[in-house]
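Below is one structure, written out as structure tokens, with a few remarks after it.
Lettering of chains follows the sequences in order, A, B, ..., and the numbering in each one begins at 1. All values reported here derive from a predicted model rather than from experimental measurement.
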2 protein chains.
Amino acid sequence: MSITIRDVAERAGVSVTTVSRALNGTGPVSPDVRRRVEAASSELRYVPHGTARSLITRRTDVFGVVLPDLFGEFFSEVIRGMDPRAQERGYHLLLSGSHDGRREIEFAVGAMRGRVDGMIVMSPGVSGARLEGCLPPDVPVVLLNCDVSGTAFSAINVDNYGGALAMTRHLMAMGHRRVGMINGAEGNFDALERLRGFRAAVAEAGGAVQGSEAPGDFTEAGGYRAAGELARAADPPTAIFCANDSMAVGAISALRARGRRVPDDVAVAGFDDVPIGRYLSPSLSSVRVDVNRLGARAVELLCHAIAGDAPPAQELLPTELVVRRSCGGGGDDPPFPQDFR
Amino acid sequence: MSITIRDVAERAGVSVTTVSRALNGTGPVSPDVRRRVEAASSELRYVPHGTARSLITRRTDVFGVVLPDLFGEFFSEVIRGMDPRAQERGYHLLLSGSHDGRREIEFAVGAMRGRVDGMIVMSPGVSGARLEGCLPPDVPVVLLNCDVSGTAFSAINVDNYGGALAMTRHLMAMGHRRVGMINGAEGNFDALERLRGFRAAVAEAGGAVQGSEAPGDFTEAGGYRAAGELARAADPPTAIFCANDSMAVGAISALRARGRRVPDDVAVAGFDDVPIGRYLSPSLSSVRVDVNRLGARAVELLCHAIAGDAPPAQELLPTELVVRRSCGGGGDDPPFPQDFR
DNA sequence: TTGTATGCGTTATCAG
DNA sequence: CTGATAACGCATACAA
């Protein structure tokens with residue numbers, strides 16, 4: 001059994017109410033009593049029991065975060081973006097990862113009821129409309145990278161469509177007339193949006209550009225396999241756009257194994273712009289996504305939802321084209337980060 | 001205001017107690033009543049209030065995880081290792097990242113009192129002995145990658161020393177007589193242990209091998225800078241061991257920029273064996289650390305500590321030497337993962 | 001099989 | 001300025 005506020009009260013010779021007031025700075029307390037309470041508290045090494053406090057204050061100071069299985073550094077970076085922002089505002093993060101499908105999400109969300117002041121939910125497999133049915137009505141929610149068409153949730157999404165559109169346009173502008181795309185995991189929302197951007201760009205060109213597609217799964221191995229598939233075609237593409245960087249790395253490896261040079265024979269581009277990309281050889285062209293900021297922004301939106309000081313907003317996180325050597329751009333290979341003199 | 005157990009009781013026309021019993025399966029309930037309760041519960045979309053329940057059951061079903069600022073994929077992978085294991089056992093993870101120094105840890109730990117059933121604490125900057133003073137006596141704790149000499153905590157540590165020793169020995173066995181090391185972040189426990197392994201291996205060789213060291217910080221940029229420093233020496237090393245893979249990538253990039261070939265002129269090895277390593281060119285030799293398993297094991301130790309079915313254990317997570325092309329080994333570059341036929 | 005009463009640790013309310 | 005008391009939502013010993 002651990003030290004409670006009553007132990008402190010007894011030791012200080014006052015009531016629990018007074019201890020609460022003295023420690024929380026709420027209400028008036030005489031200097032003498034305050035000192036006695038503080039002494040007793042620290043001698044006993046008393047720490048308030050968060051759960052009990054939450055029950056009455058109706059605040060938990062915790063945000064629930066429900067994430068699916070995530071690929072690569074995304075998981076890491078999104079949490080890294082959230083945690084400092086949350087901490088600034090006095091919140092901790094209650095994590096629940098590895099969820100797919102409505103049933104699991106529903107369960108995770110349920111388990112969080114009464115333990116969190118708000119939730120950030122990412123479920124690229126489940127649409128916002130379906131989520132609406134299983135989310136508690138009394139807790140503010142921000143959706144992350146979900147299909148939110150027709151829902152009233154606050155949400156922040158990566159501009160997957162815009163990024164893919166821009167990169168594909170760039171490849172075509174470089175003169176490529178046969179452009180391939182290696183898709184992300186099947187059914188994944190990000191993957192779908194990136195594909196949509198690719199197709200839109202190809203469609204813009206009318207019949208002038210021939211687009212081809214190969215299935216992928218966001219892994220290096222998947223990119224390796226898919227690149228081989230594309231390369232075996234009768235008229236293989238001269239540029240390959242991969243739905244993420246991991247697959248781009250696999251793709252480059254596969255092309256090299258088949259004796260094709262990057263970017264001389266085939267241009268390759270990725271999506272995400274992972275930190276290591278600029279150090280690869282050739283350095284990797286990619287669509288930069290500031291995942292960190294994505295997480296941070298989600299926390300901010302949630303804070304607004306809780307404070308009620310702003311209407312629900314559905315935002316798009318802009319992406320940025322990063323052209324390096326792997327697609328023949330005027331890149332910076334080898335790299336010289338700014339702090340190298 | 002949200003739905004409580006009383007609302008369900010009213011709607012089902014029974015007492016609160018009966019609802020509790022029916023829903024939790026504790027105690028006898030007539031089939032008829034059970035059905036009525038379940039109906040009312042789902043119609044009202046009732047979800048028990050975790051906080052309130054915790055107060056009386058004295059279980060929160062939450063593990064606290066206190067992590068420092070972490071480099072690269074470590075953060076991601078360690079959580080990825082913990083989460084599924086924790087979930088298997090019905091626990092969620094309450095995260096508190098970005099902590100350094102005793103004060104901050106102490107604060108984070110305090111904020112978790114009463115909200116968690118156990119804690120996993122990683123504080124490479126603070127020794128277990130010092131931690132002992134600020135950790136609550138009534139909550140089970142597992143230490144992760146800490147200096148635990150002389151403490152009674154359960155702990156799991158990466159075998160940094162053994163891994164660095166083995167890799168340095170390997171480099172010497174390849175015939176290198178001038179071996180350099182690029183260190184990790186200053187004061188970091190992992191970094192210190194890896195350095196200790198390096199020095200031990202060099203010492204074993206007597207005067208036959210000349211070891212040199214350069215400060216680093218676990219980042220690509222730091223590795224780039226440090227490699228330049230080592231290369232500028234009068235007798236530059238013919239092999240460079242980097243305290244992690246990120247720095248190895250930076251180092252290779254720097255050496256290439258100076259016109260030195262890897263591994264022909266200089267061998268390079270890293271530590272961690274990040275997934276992308278085998279796809280680099282040249283593929284990266286490294287000391288494999290199964291961070292995922294590290295997290296999983298920490299959760300298991302914590303479960304044992306809670307159940308009291310095993311004495312506190314201080315374990316070492318074994319590492320594995322992965323020799324690829326970057327240090328001239330008979331590596332597998334380009335890579336052909338097994339599933340490529 | 002069901003209900004009543006009590007308590008978990010804390011803060012809020014209202015008297016003193 | 002201080003203290004007794006209720007309440008938060010739930011589970012449990014005990015009574016019926």
* What are the two closest non-hydrogen atoms of F63(A) and A86(A), and how far apart are they? ->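 In this case the closest contact between F63(A) and A86(A) is CD1-CB, 4.4 Å.
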
Can you list the residues that meet the salt bridge (Lys or Arg N to Asp or Glu O under 4.0 Å) rule with [X], with sequence neighbours excluded?
X      : answer
E43(B) : R11(B)
R45(B) : none
R21(A) : none

Interatomic distance where [atom1] belongs to [X] and [atom2] belongs to [N] [whole Å]:
X       : N       : atom1 : atom2 : answer
R58(A)  : dG9(C)  : CZ    : P     : 20 Å
R6(A)   : dT5(D)  : CZ    : P     : 13 Å
D61(A)  : dT11(C) : CG    : C1'   : 14 Å
R59(A)  : dC8(D)  : CZ    : C1'   : 16 Å
E10(A)  : dT10(C) : CD    : P     : 13 Å
R113(A) : dG9(D)  : CZ    : P     : 8 Å
L23(A)  : dT10(C) : CG    : P     : 10 Å
I3(B)   : dC8(D)  : CD1   : C1'   : 16 Å

Partners passing side chain to side chain contact (heavy atoms under 4.5 Å, CB included) against [X] (at least two apart in sequence or in another chain):
X       : answer
N157(B) : N145(B), A155(B), F189(B), L316(B)
R59(B)  : T57(B), D61(B), Y91(B), D117(B)
V14(B)  : A12(B), T18(B), V19(B), V33(B), R36(B), V37(B)
E10(B)  : none

Please list, one pair per line, the donor and acceptor atoms closer than 3.5 Å that link side chains of residues 300-309 of chain A to other protein atoms, with sequence neighbours excluded.
| residue | atom | partner | partner atom | Å |
| --- | --- | --- | --- | --- |
| E300(A) | OE1 | R297(A) | NH1 | 2.6 |
| E300(A) | OE2 | R85(A) | NE | 2.9 |

* Phosphate oxygens OP1/OP2 of dG3(D): is one of them under 4.0 Å from a side-chain N or O of T18(A)? ->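 T18(A) to dG3(D) OP1/OP2: side-chain N or O found under 4.0 Å.
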
* Nucleotide-resolved protein contact map, nucleotides 11-16 of chain D, B/S/- at heavy-atom distance under 4.0 Å -> BBB---

* To do: Measure from the side chain of T4(B), starting at C-beta and using heavy atoms only, and say which of dC10(D), dT10(C), dG3(C) lies closest.
  => dC10(D)

* Measure the CG-CD1 distance between L55(B) and I56(A) for me, rounded to the nearest 0.5 Å. =>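 Atom-to-atom, L55(B):CG and I56(A):CD1 are 11.0 Å apart.
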
* Taking side chain to side chain donor-acceptor pair (under 3.5 Å) as the test, write out the residues that go with D7(B), two or more places apart. =>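 Applying side chain to side chain donor-acceptor pair (under 3.5 Å) to D7(B) gives none.
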
* Taking five pairs at each end, how big is the angle between the two axes of the helix from dT1(C)-dA16(D) to dG16(C)-dC1(D), to 10°? -> 40°

* To do: Please work out which residues in residues 28-36 of chain B have a non-hydrogen atom less than 4.0 Å from an atom of DNA chain C and list them by number.
  => P28(B), V29(B), S30(B), V33(B)

